[in-house]
Structures are given as C-alpha cells and as structure tokens.
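These notes are about the structure you will find just below.
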Amino acid sequence: MIPQVFKEVIDLGNGREISIETGKLAKQAHGSVVVQSGNTMLLCTVVSNYDAADVDFLPLTVDYREKFAAAGRYPGGFFKREARPSTEEILVMRIVDRVLRPLFPKDYHAETQVMIQLMSLDKDVMPDALAGLAASAALQLSDIPFETPISEVRVGRIDGEFIINPSFSQLEQSDIDMVIGASEDSVMMVEGEMSEISEEEMVEAIKVAHEAIKVQIEAQKRLAEKAGKKETREYQTEAEDDVVLEKVKAFAYNKCYEIAKQASSKQDRGLAFSEVKEELLAQFTDEELEEVSDLVSKYYSKIQKEAVRNLVLEEGIRLDGRKTTEVRPIWCEVDYLPSTHGSSIFTRGETQALATVTLGTSREANMVDNPSLETEERFYLHYNFPPFSTGEARPLRGTSRREIGHGNLAQRALKRMVPEDCPYTVRIVSEVLESNGSSSMATVCAGTMALMDAGVQIKKPVSGIAMGLISDGERYAVLSDILGDEDHLGDMDFKVTGTEDGITACQMDIKIKGLSYEILVNALNQAKEGRMHILGKLTDTIATPNVDVKPHAPKMVTATLPNDLIGAFIGPGGKVIQELQKTTNTTIVINEDPVTGEGIVEILGNDQEGIDKVLAAIDSLTFKPEVGSIYEVKVIKLLDFGAVVEYTEAPGNEVLLHVSELAWERTENVTDVVNLGDIFDVKYFGVDPKTRKEKVSRKAILPKPEGWQPRPPRDNNRGNRDNRGRDNRNRDNRRDDRRPRGDKKED
C-alpha cells in the first residue's frame with residue numbers, strides 16, 4: 001500500500017509550478033523530499049548523527065549528484081557507472097552548502113549529510129535552481145536543529161524583464177545569470193555572471209529573487225505542518241564558563257587591539273598573536289588547563305576577533321594600517337614566461353597570481369558531458385592553489401572544491417569578454433604563488449593581462465576586487481581589498497568583477513541577518529571605485545591586446561568547405577588530410593556547421609607558409625571556373641589524344657585539353673605543340689554537351705592563321721550507307737514457309 005503523501009505546490013507563473021512532496025520515498029532518512037518542476041525531479045535526504053563528533057566544527061557534507069538515467073543516457077567511459085562528481089555537480093554543492101552552513105547552531109557538531117540526487121530531467125528545467133529548496137525542505141521535515149528555512153532561485157533577464165528559474169534556452173538570451181540564496185528576512189548568498197550591468201541593476205535582480213524565495217519558504221512551512229512538524233532534537237552543547245571568558249578578555253583584549261593597530265605584516269602579526277596566546281595560557285595552572293584549555297583557545301579567538309572588529313569600527317584602522325577604501329600596492333608584468341602563448345604576473349600586497357594562456361583548435365575544447373548539460377567550452381580557466389602559497393606544507397589530494405569554485409568565478413568574470421568569433425580554444429591556468437586575500441580576484445586580473453599578452457582580442461579588460469563588511473548593528477564599515485584575516489572576521493565577503501562599463505561576475509556570502517539594501521548598494525559602489533583603481537594598474541601595464549599572437553604561438557585560420565567536398569578533402573581513411581598536415585606542419589580540424597551543414601576548417605600552425613598551402617588546397621578543391629573566362633594552366637600529363645593540365649591558381653584541379661583544341665592547324669602529335677611542364681592560357685567553355693566533360697581550348701585564344709579554312713564536314717553519303725536502312729536489308733527475302741519454333745520441338 002502506498003503511504004500517505006503530503007504535497008505543496010508553488011506557482012512560478014506562465015503555467016510553471018514547483019511541487020514539494022514527502023512521505024513516499026526514503027522514509028528512514030531523518031528528512032526527505034521530492035521536488036519537481038516540469039519533468040525534472042530531485043530527491044533530497046538529510047541525516048544527522050545523534051552523537052557529536054570529536055571536532056570543534058560542524059562536519060557537514062552537502063552532496064549533489066546527477067543520474068544519467070534521469071536523461072535516458074549511459075555514463076561515458078569504460079565503466080558504465082557514475083563515479084566522482086563532475087565540476088558542475090561540485091559547483092551546485094558549493095552554492096547549497098554556503099547557505100545552509102551558517103544556519104546550524106554554532107555548537108552543533110554532529111556529522112550531518114545532505115544528499116541531493118537528480119532522478120528525472122526535463123530539458124527545459126535547470127535542476128540546480130531547485131537544489132537549495134530541496135535541501136531546506138528536507139531539513140524542515142527533520143528533527144535536526146536548523147535556524148530557519150531558506151531557498152535558492154536563479155534569476156535571468158531578457159529584454160529588461162526578470163525571469164525566475166529560466167530555462168536553458170532562455171538563459172542563452174539572458175544578460176544576467178545569478179543564483180540567490182536567502183531566508184525570509186535576509187539575503188545570504190549571491191553568485192552569477194552578467195553582461196556589464198550596473199550596481200543598481202544587480203541589486204534589483206536580488207530583490208526580485210528574494211520575493212520569489214519568500215513564497216517558496218512559505219510552502220516549506222505549510223508542508224512541514226501537513227506532515228507533522230517534529231520537535232527539534234536535544235543535543236550536547238559546548239561547555240561554557242563565564243569566569244574563564246572574563247579572565248581571557250581582561251588579559252588579551254587590549255593586547256590584541258594594540259597588535260591589530262601596529263600595521264604589521266601577516267607573518268609578524270601572526271607571531272605576535274601567538275605570543276599573546278602563550279602568555280594567556282601561562283595565566284592558568286596545569287590542572288586548570290587540563291579542564292579549560294579548549295575553552296581558553298576558543299575564547300581567545302573570539303576576543304581577538306572582537307578586538308580587530310572594534311578597531312575598524314572605532315578608528316577606521318585595519319590590520320595592515322590601510323584605510324577602509326584603500327587598495328594594497330599593486331605591480332604587474334606581462335610576457336614573463338618565454339615559451340607560453342601568453343603570460344602575466346599580478347601582485348597585490350601579499351597575494352600573487354601567475355597566469356598562462358594556451359591557444360588551440362576546437363579539438364582542445366573542454367567537453368562537458370553531464371545528464372543536465374552537454375556542451376563544450378572553447379574558453380575555460382583552471383585555478384591552482386598550492387600549499388606553499390600560504391607558507392604551509394600539506395599533502396596534495398587532487399583538485400579541491402575550493403579550487404573548482406574559485407576557478408569557475410574567474411572564468412565567468414572573463415568569458416563574456418572573449419569575442420564569439422575568436423578562432424581559438426583558449427585555456428587560462430592561474431597558479432597562486434602567494435595568498436593573503438582574494439586570490440580569485442588576482443586570477444581575474446592576471447587572466448585579463450595574459451589574454452591580451454597572447455593576442456586574444458578581448459572586448460575590454462576586466463578587473464576584480466574582494467570586499468568585506470563589519471557591522472555591529474548600528475555602525476558598519478565596508479573594507480576594500482580584504483586580507484585573509486578580514487575575510488574570516490567580517491560579516492560579509494563579496495567579490496565583484498567587471499569592465500569600466502559594468503559588472504561581469506559576482507560572488508557574495510552574507511553572514512548577518514537583515515542586511516539592508518542601502519548598505520549593499522554602498523558596498524557595491526565602493527567596490528566599483530576599487531575595481532576602477534585596479535583596472536588602471538592593469539591597463540598601465542598592457543592597455544590593449546597585442547595585434548597578433550607571439551611568433552612561437554600557433555596561428556589560427558578558418559575556412560569553409562561545401563559539405564559535398566568534405567569527404568574529398570579528408571580522403572579515404574583520412575589519407576589526404578593526414579598527408580597535408582604532415583607536409584605543411586599544421587593541425588587541421590573539420591567541424592560541420594549545425595545550421596548550414598558546411599565544413600568549418602580550422603588550420604593551426606606556426607608557419608604561415610604551411611597555412612597558406614592548406615588554404616591553397618581548399619581553394620583548389622572549391623575552385624569553379626567560369627564559362628568564357630581565361631585561366632593559366634600547366635601541363636602535368638601527356639596523352640595520345642591530348643594533354644592533362646591543371647589550373648595554376650588551383651593546383652590539383654585538372655582538366656583534359658583535347659588534341660583538337662591545341663592549335664588551329666591539324667596536330668598529329670601532342671608534343672609538336674606542348675610539352676610536360678609548359679604553362680599557357682586556355683579558355684573555359686563549360687561542359688561539352690556531346691562528351692559531357694569540361695572543355696578548355698588553347699586555340700580559342702590564338703589568332704587564326706592566314707588563309708585558314710575549317711575542315712569540311714563529314715560526308716554522310718559515303719559508301720552507299722543509305723542502303724543500310726531497315727527496308728533495304730533483304731528481310732523480305734526470308735522464307736515464309738519457316739516453321740514456328742514450337743513445330744521444331746515437335747520434330
């Protein structure tokens with residue numbers, strides 16, 4: 001018997017709905033829901049252990065996976081099974097995690113797992129926009145302590161009209177692609193890309209998204225009431241000791257305040273704070289430390305954070321001595337690496353990124369093969385964050401989720417500035433060599449310069465800045481170009497990238513409730529000032545893209561080939577194209593235009609002469625002589641009845657020059673008029689209706705010899721040929737008395 005099912009429906013307008021359902025699937029999980037829009041269905045489950053883990057943080061795992069069966073497809077590769085998560089799946093995990101994590105109690109340390117699975121896919125419904133809603137709804141149906149329901153939506157804009165959760169096709173026309181996560185009263189997360197929009201337009205998009213989120217939160221509340229709201233579980237809270245807290249504050253607050261005021265470097269500041277902590281621990285006996293050492297460490301971190309925040313709010317002084325609007329010193333350099341196709345260094349304070357650009361054909365495109373998305377990226381960016389960049393030694397465990405997220409942000413910041421007609425596949429790799437605050441924004445800046453150094457004709461240069469916010473509810477300070485420590489102690493960190501004309505990408509994590517839109521607009525405007533300052537430093541180093549690629553970088557030329565000639569160009573088993581690549585030292589890739597069906601030929605090579613030879617081969621294949629025109633030809637073969645010639649402007653394009661068209665005089669031997677290798681002009685007459693072959697003539701462009709007479713026409717009456725008619729074949733002399741064949745058989 002099917003169990004009782006509880007369901008709520010959210011109206012998105014234009015006939016679109018989202019349903020949230022519980023009670024049918026995964027009932028042993030602490031909370032489970034199925035979220036459906038169109039034919040896209042997500043199953044989300046949440047489970048949290050009842051015993052706390054032996055750690056001082058929340059061991060939360062948010063997992064999002066897409067099943068290939070959801071799209072009626074098989075996984076690629078040898079093993080037909082979903083395995084490690086794709087880049088796109090990891091990005092969905094991150095946007096959900098960033099909204100959920102701050103809403104668990106600070107002292108809740110039980111291992112918690114949120115699993116979201118795509119079970120059915122509708123090509124017109126993007127599943128990632130439903131993931132945050134599914135996660136929150138599952139938590140609302142559980143007994144897990146969680147502060148307030150949230151949701152996430154995607155917002156797009158087409159022709160000035162905002163659209164909530166646009167389809168794949170709509171998103172291609174949209175100038176905004178943002179995912180916003182929020183509770184009922186607070187925006188908590190923003191991430192997206194835009195086509196150079198203003199700060200005011202960005203805030204307007206956030207407001208539209210927030211109103212849609214409020215409707216989804218109300219639906220979650222109604223569903224929880226229908227299904228029977230569970231009592232929040234009791235859990236073991238962290239021990240607290242007000243006496244220890246006061247002792248730590250009395251000893252450490254002023255010391256930390258003074259250290260923060262010294263405008264020291266990251267290393268010196270870290271050592272000074274560590275010394276204060278050692279002195280603090282010395283204030284306790286060994287017996288006391290056995291009981292309260294963890295509390296002392298926790299309270300010291302809390303007091304240190306409080307001191308630094310108050311210094312900013314009270315005196316406007318930051319850890320490194322800068323004003324709130326001041327950007328750290330910047331130096332830049334391009335063409336640093338001699339063998340790369342493009343390179344640059346961007347250094348801002350204690351953060352440094354080295355970016356490289358590599359140019360290739362469509363064969364080097366990044367193939368995205370997921371159930372919800374099948375495409376290829378002709379521009380992509382990879383971000384690496386080695387441990388030495390922060391002065392640490394730790395094992396390398398592959399690409400981290402953080403590296404994937406930061407690389408994706410930088411890629412989104414730059415990709416709309418790469419022209420659609422760029423012939424290359426472009427890969428940027430950012431190596432973070434030093435880090436103390438926003439290496440992702442350093443990657444954007446280094447990437448911009450490396451693209452211009454490589455000769456990629458980007459539309460406009462892009463810069464980026466990381467901002468912070470400190471607020472006590474009454475006072476607030478917006479910090480430009482935050483340090484790593486300021487990122488940790490602030491109430492909001494947001495990264496904004498853009499050109500001189502508008503924003504191209506953003507990423508925000510807001511940690512305080514009820515952030516006013518007025519503060520948000522002020523913060524974005526301050527970010528714009530910082531962006532423009534950094535952009536000036538970039539353009540001082542390299543103002544415009546180099547006119548051409550570097551001498552050692554491959555040149556890319558594209559040409560078109562009619563569909564019916566693609567096979568001839570490739571040759572049997574690829575013989576022709578392989579030989580052409582070998583002799584010209586080029587790489588040739590052919591793609592079929594999905595609209596016209598033409599072959600798009602990409603020619604990549606370092607030697608222009610080789611590229612020209614490939615182009616000549618294409619021209620030869622597509623060469624179509626015009627009737628009545630004169631062309632230069634070369635004799636490549638001699639026959640008894642004429643000469644085979646090829647057009648010199650289209651080598652390989654051959655035609656027969658018949659012996660009768662060599663000269664006005666009668667020609668007994670072809671070699672009496674032309675020889676192998678001779679070059680001369682001929683006139684093209686098109687296809688001869690008698691021979692049905694192309695006809696060219698040499699004599700047609702030669703003057704007629706004096707006294708020349710055409711040969712007389714053939715005499716059709718020679719040899720009594722008229723007696724060969726049907727009536728003159730003496731058929732009337734046949735014997736009339738011949739027996740029928742049947743009679744012969746009877747004999």
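Counting from 1, the numbers follow the sequence of the chain as shown. Because the structure is a prediction, the values reported are computed rather than measured.
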Q | R531 backbone acceptor or donor facing S463 side chain under 3.5 Å | A | yes

(Q) I'd like to know if E626 pairs up with K624 as an ion pair, taking the criterion as any Lys NZ or Arg NE/NH1/NH2 lying under 4.0 Å from an Asp or Glu carboxylate oxygen. (A) no

Q. Should the pair E193-R416 be classified as a salt bridge under the 4.0 Å nitrogen-to-oxygen rule?
A. yes

Q: Check whether more than 12 heavy atoms from other residues, nucleotides or ligands sit under 6.0 Å from atom CD of E609, and answer yes or no.
A: no

Q: Determine the interplanar angle of the F385 and Y383 rings, folded into 0 to 90°, and report it as parallel if under 30°, tilted if 30 to 60°, perpendicular if over 60°.
A: parallel

Q) Is the shortest distance from a Lys or Arg side-chain nitrogen in R378 or E602 to a carboxylate oxygen in the other one below 4.0 Å? A) yes

Q: Please determine which of L702, L657, D672 meets the side-chain contact (heavy atoms from CB on, under 4.5 Å) test together with L662.
A: L657

Q | Heavy-atom side-chain proximity of E82 to K67 below 4.5 angstrom | A | yes

Q. Counting only heavy atoms not in K123, do more than 12 fall under 6.0 Å of its NZ?
A. yes

Q: Test the R698-F680 pair against the cation-pi criterion, namely NZ or CZ under 6.0 angstrom from the six-membered ring centroid and within 45° of the ring axis.
A: yes

Q.
With a 3.5 Å distance limit and no angle check, can you tell me whether T361 reaches the backbone of R363 through a side-chain donor-acceptor pair?
A. yes

Q.
I need the minimum non-hydrogen distance between C506 and M194, along with the two atoms involved.
A. SG-CE, 3.4 Å

(Q) So for atom CG, which belongs to D159, do other residues, nucleotides or ligands contribute more than 12 heavy atoms lying within a distance under 6.0 Å? (A) no

Q. Does S439 use its side chain to pair, donor to acceptor, with the backbone of A442 at less than 3.5 Å?
A. no

Q. If you count the non-hydrogen atoms of other residues, nucleotides and ligands that lie under 6.0 Å from CG in D564, is the total more than 12?
A. yes

Q. Taking the side chain as C-beta and beyond, is there a heavy-atom pair between D177 and R412 under 4.5 Å?
A. yes

Q | K695 vs E661, side-chain contact (heavy atoms from CB on, under 4.5 Å): CA-CA, chis, key distance, verdict | A | CA-CA 9 Å; K695 178 182 178 180; E661 299 296 331; 3.5 Å; yes

Q.
Suppose we screen for ring pair (Phe, Tyr, Trp, His ring centres under 6.0 Å). Which residues come up paired with F162, at least two apart in sequence or across chains?
A. none

Q. Between I163 and V155, is a side-chain contact (heavy atoms from CB on, under 4.5 Å) present by the stated rule, with each step listed?
A. CA-CA 6 Å; I163 302 171; V155 60; over 6 Å; no

Q: Please test F623 against Y631 for ring pair (Phe, Tyr, Trp, His ring centres under 6.0 Å), starting from the C-alpha separation and ending with a verdict.
A: CA-CA 12 Å; F623 176 74; Y631 297 95; 5.5 Å; yes

Q. Could you go step by step and tell me if T560 and E598 meet the side-chain hydrogen bond (donor to acceptor under 3.5 Å, both in side chains) rule?
A. CA-CA 7 Å; T560 58; E598 289 183 314; 4.6 Å; no

Q) Stepwise, does the side-chain hydrogen bond (donor to acceptor under 3.5 Å, both in side chains) test hold for Q581 with T586? A) CA-CA 5 Å; Q581 290 181 105; T586 59; 5.7 Å; no

Q | Donor + acceptor pair across side chains of D612, Q608 (<3.5 Å) | A | yes

Q: Start with the C-alpha gap between D607 and K555, add the side-chain angles, then the distance that decides, and say whether salt bridge (charged side-chain N to carboxylate O under 4.0 Å, His left out) holds.
A: CA-CA 8 Å; D607 183 14; K555 285 76 177 173; over 6 Å; no

Q: Verify side-chain hydrogen bond (donor to acceptor under 3.5 Å, both in side chains) between E431 and N384, making sure each step is shown before the conclusion.
A: CA-CA 5 Å; E431 304 289 347; N384 296 318; 3.0 Å; yes

Q) Hey, are E201 and R157 close enough for a salt bridge, meaning a charged N less than 4.0 Å from a carboxylate O? A) yes

Q: Kindly determine whether E646 and N653 satisfy side-chain hydrogen bond (donor to acceptor under 3.5 Å, both in side chains), including the steps that lead there.
A: CA-CA 5 Å; E646 71 174 5; N653 207 311; over 6 Å; no

Q) Is the side chain of T583 donor-acceptor paired with the backbone N or O of L580 at a distance under 3.5 Å, no angle test? A) yes

Q | Under 3.5 Å donor-acceptor, Y424 side chain and M556 backbone | A | yes

**Q.** Whether over 12 other heavy atoms sit under 6.0 Å from K693 NZ
**A.** no

Q | Considering all heavy atoms, the nearest V627-G686 contact | A | CG2-CA, 3.8 Å

Q | Electrostatic pair R73:D369 at N-O distance under 4.0 angstrom | A | yes

Q. Quick one: do K550 and D453 make a salt bridge, cutoff under 4.0 Å?
A. yes

Q.
Is it the case that the side chain of N546 and the backbone of D548 share a donor-acceptor pair, with hydrogens and angles ignored and the cut-off at 3.5 Å?
A. no

**Q.** SB check K460 E196 (cutoff 4.0 Å)
**A.** yes

Q: Determine, step by step, whether D678 and K634 satisfy the salt bridge (charged side-chain N to carboxylate O under 4.0 Å, His left out) criterion, reporting the C-alpha distance in whole Å, the side-chain angles of both residues, the deciding distance to 0.1 Å, and the verdict.
A: CA-CA 6 Å; D678 285 355; K634 179 180 180 181; over 6 Å; no

